[in-house]
Number of protein chains: 2
Amino acid sequence: MPINMGDIARLANVSKPTVSRVLNNSPLVNEETRERVLRVARENGYAINRNAQKLRQVRNDTVAVVLDFGSHRAGRIADPFIFELLAGVSESLSIRNQDLLLSPPSLTDVQSHLDLISSRVADGFIFLGQGEREPMLRDLARAGTPFVVWGGVDPKAPYCSVGSDNRLGGQLAGELFVQRGAKRWLFVGNIRHSEIRMRFDGLRAVAARHADVSVDHLDVEHMAYAPTYQQMGTWLRDNPPPDAVFAFSDTAAIAIVSAFRELGLEAPNDYSLCGYNNIPPAADFTPALTTIEQETHLAGAILVEKLMQILDGGKPKSSMLPTRLIVRQT
Amino acid sequence: MPINMGDIARLANVSKPTVSRVLNNSPLVNEETRERVLRVARENGYAINRNAQKLRQVRNDTVAVVLDFGSHRAGRIADPFIFELLAGVSESLSIRNQDLLLSPPSLTDVQSHLDLISSRVADGFIFLGQGEREPMLRDLARAGTPFVVWGGVDPKAPYCSVGSDNRLGGQLAGELFVQRGAKRWLFVGNIRHSEIRMRFDGLRAVAARHADVSVDHLDVEHMAYAPTYQQMGTWLRDNPPPDAVFAFSDTAAIAIVSAFRELGLEAPNDYSLCGYNNIPPAADFTPALTTIEQETHLAGAILVEKLMQILDGGKPKSSMLPTRLIVRQT
DNA sequence: TTGTAAGCGTTATCAG
DNA sequence: CTGATAACGCTTACAA
C-alpha cells in the first residue's frame, strides 16, 4: 500500500535514481522527463520517505531547539519574548528546509546532547536562553558539538552566542535620562542575570559622567509583573521617588507605572521611564512606553544562519543585535 | 569512523540482532549477554542510528505539534498560556519517548499535513488552538489523519479535541454576574474562534433565564492587549457602560480595566469583570482579577494520551477539562 | 537464547 | 541525460 520511489519510477518509465534526481531538483534531468515524473508523483500522492533519505545522506536537516521551560513556564516571565524568538527560529529553519525538533526536558547533561547528535536525530542545537547551563555549554563546546546560543554575549565564551547589545541599551537609557534632566535614577532588575547586569553597567557608565546624577538599584528576583509591582510599591513608600526609572522589561515598566500612579505620580511629568523589548502593547499603553528594542525577529534568522555556518565547517563569531531606543511618551 | 551496530556486535562477540534486542529491552536476552553488550556500547559511546531504525519500524515515534504562530506572535496573545500548554505536551511526549517536531509555519493546507505523515516524518499531529482552521481540520479528519486538538470541544466534530469546558466557563461568569445583580453584560472576544464562541453561548444561556438582562458583544479580532484596549475605549465612548464584562483572557481583562479607568470607572464598584486562564499576574493585579481557570498542565498529558490511543487504533472521545471560577476582587 | 539472511526506501557510484 | 548496482544501519522473519 505505501507507495515508494520504485513505484513512481515504474509508472513514469524511468529508473529510481532518475526519480530521485527529479525530486532533488538535479539539473541533470531532461525537462520532459522531469515533468512526467512530477506529474506521476503528484497524481499518486507520493511523498518521499524522509527516514530512508536521512539514512543515506550525511546531513539530517534537523535542528534541536532547547527552551528553558523551567524558568519560563508558570508565567514567571510574562513578556512574550521567548515565544517570538521561537517563532523567528521556526520560520528561519523552515525557509532552509530544516526540521525543528523541540528538545525534551530530559536533555540536561552533556552526554544526552551528544547522543542526540550521534544517533543522527539532529545536526546541531539552538539554545534559547543560556539560563544556568553555562558550564554544560562549555563542556558541549569542548566536545565539538555544533550549537549556538541566544543570551548574554561574552566574547570570551568558547561558543557562538547572539544577543542584544545590553550595555548599549543601558547607555541609551542613560543618555535619555540626561537629556530629560533627571538626577535620581533607579534601575529595576535582577542583575544576577548577565544580560540584565550589562544593562545596569551601561546605565551607570553614563551616570558616572555626570557628577550630580545618582543611580539606585531595586532588585527584583522574579522577573514578572506582580513581584515588580509589589516591590516597586514598597520601595516608593520607603524612599523619595526617583525621577527616572529603567526597567528590565516592558511588562515591568507597566507594573511600575501602576505603582507610581498610586502615589499620584505620572510619567513623563513626574518621572521618566524606559522599558525593554518593545513588546507590542508598549506603543498603545497609556502613557505610551519609551523602550529599548531588541530585534527578536532578526535574532531567529541570525541564530539559524550561524548554526548553518558551523555545520558547513565555519567558525562564526558571536554577535550583538542592533539595539535602539524608541522614545515615546514616558 | 561512525560506529554502528555491527561494530558493537563484533566487539561483544554477538550478532547484530542480539545487540538490537538488548537496546530494545527484549526479554529474550541472557542477562550476562545483555550486560556485556551494554558495556561495550557505553564504552564506545555508541548511539543507535534513529533514521535506520525508523526506516524499518512502522511507527515513527514522532509527533508534530502545530502552534498558531500567526495569531500568537508579535505578542498578539500575551498570555503565557500556549507556552505552558507546549511545555506540558513536551513533557508528556518525552515520557513516552516520542520526539516533538515543531510544525513549520508553511504547514497550512490539508495536503502539506498529509505529506508530513506519508513522508514518515511524524505519526500524527497535536494542534494547540484550533483558531480559524476548523474547516481544514474537518478535511484532515476525513482523510483519516491521526490528530488531536486543543480548543473548543464540539462533541459533533469529526475529530478528538480536548479543552476547557468553555460553555461552563461562560455559564460560571454569567452566574457570577447574576449574583452581583448586573443587568447590562458585555462579552469581549472573537467568536469566530470556536472556543470563544462557546463561552459566549454559555454566558447567553444564563442571560436568557433572566428577562431583565441584556448581553452585548464586542468583537476583537486580534486577541491581544493593545487592540482590546483600543476597541474597548472606542466602545465605551459610543455606548452606555456595561455593568458586567466577560473577557476572552486575563490579558484582555487587564486592558479592559485600563479602558474603564479612563472614564473613572473601577471594578468591582462600577462593573463586574471576569477574565479567563488565571494567569499568574491575575491574582496580584489591582484590582485582583476574577477569572476562569483551565488546567493546562493536565491538558498536555491528556492530549498526548489521546493521540497515542488514536495511533494504536483507538477512537478516544473528546473531553473537557475541569474548569472553575476563581472569584477575586473584580 | 542466539544467529543467518533478507529487506526497509533512498542515494552514490559508476558505467553507458 | 539515464540506468544498474551497491550500499546506508537497522529490524523482522526464520532457523538453530
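Just so it is clear: chains get the letters A, B, ... in the order the sequence lines come, proteins before strands, and each one is counted from 1.
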**Q** Starting from P on dT10(C), measure out to CD1 on Ile48(A) and report it in whole angstrom.
**A** 6 Å
**Q** Measure CZ/Arg120(B) against C1'/dT10(C) and give the value in whole Å, please.
**A** 13 Å
**Q** Taking 4.0 angstrom as the limit, do Glu43(B) and Arg39(B) come out as a salt bridge?
**A** yes
**Q** Distance-only, no hydrogens or angles: does the Thr62(B) side chain make a donor-acceptor pair with backbone N or O of Ala122(B) under 3.5 Å?
**A** no
**Q** Would you mind telling me which of dC8(C), dT11(C), dT4(C) lies closest to the side-chain atoms of Ser15(B)?
**A** dT4(C)
**Q** Atom CG of Asn51(A) to atom P of dT11(D): distance rounded to whole Å?
**A** 13 Å
**Q** Expressed in angstrom and rounded to an integer, what is the separation of Met5(B) atom CE from dT12(D) atom P?
**A** 11 Å
**Q** Quick one: does any side-chain atom of Ser92(A) pair with a main-chain N or O of Gly88(A) as donor and acceptor, under 3.5 Å?
**A** yes
**Q** If you check the Asn24(B) side chain, which of dG3(D), dC8(D), dT11(D) turns out closest?
**A** dT11(D)
**Q** What parts of residues 26-46 of chain A reach DNA chain C, counting only heavy atoms under 4.0 Å away?
**A** Tyr46(A)
**Q** Nearest whole angstrom, please: distance from the C1' of dT10(C) to the CD of Gln53(A).
**A** 7 Å
**Q** With a 4.5 Å heavy-atom cut-off, do Leu55(B) and Arg50(A) have their side chains touching?
**A** no
**Q** When you measure from the side chain of Asn60(B) to the backbone of Lys54(B), do you find a donor-acceptor pair of N or O atoms at a distance under 3.5 Å?
**A** no
**Q** For Lys54(B), answer base if it contacts any base atom (sugar-phosphate contacts may also be present), sugar-phosphate if it contacts only those atoms, and nothing otherwise; contact means non-hydrogen atoms under 4.0 Å.
**A** nothing
**Q** Of all the choices, dT11(D), dT4(C), dG9(D), which nucleotide is nearest to the side chain of Leu55(B) once you look at every atom?
**A** dG9(D)
**Q** Hey, can you tell me if Phe147(B) and Phe127(B) have their rings parallel, tilted or perpendicular (30° and 60° cut-offs)?
**A** perpendicular
**Q** Return the value, rounded to whole Å, for the distance between atom CZ of Arg21(A) and atom C1' of dG3(D).
**A** 7 Å
**Q** Using whole Å, what does the distance between atom C1' of nucleotide dA6(C) and atom NZ of Lys16(B) come to?
**A** 10 Å
**Q** Measuring to OP1 and OP2 of dG9(D), would you say a side-chain N or O of Asn4(B) lies under 4.0 angstrom away?
**A** yes
**Q** What nucleotide among dC10(D), dT10(C), dT11(D) has an atom nearest to a side-chain atom of Ser20(B)?
**A** dT11(D)
**Q** From CG of Asn60(B) over to P of dC10(D), roughly how many Å is that when rounded to an integer?
**A** 17 Å
**Q** So which one's nearest nucleotide on DNA chain C is more toward 5', Gln57(A) or Arg56(B)?
**A** Arg56(B)
**Q** Check Cys160(A) against Lys306(A) and note the closest heavy-atom contact, atom names and distance.
**A** SG-CD, 3.5 Å
**Q** Which listed nucleotide (dT11(C), dG3(D), dT4(C)) is nearest to the side chain of Pro17(B)?
**A** dT4(C)
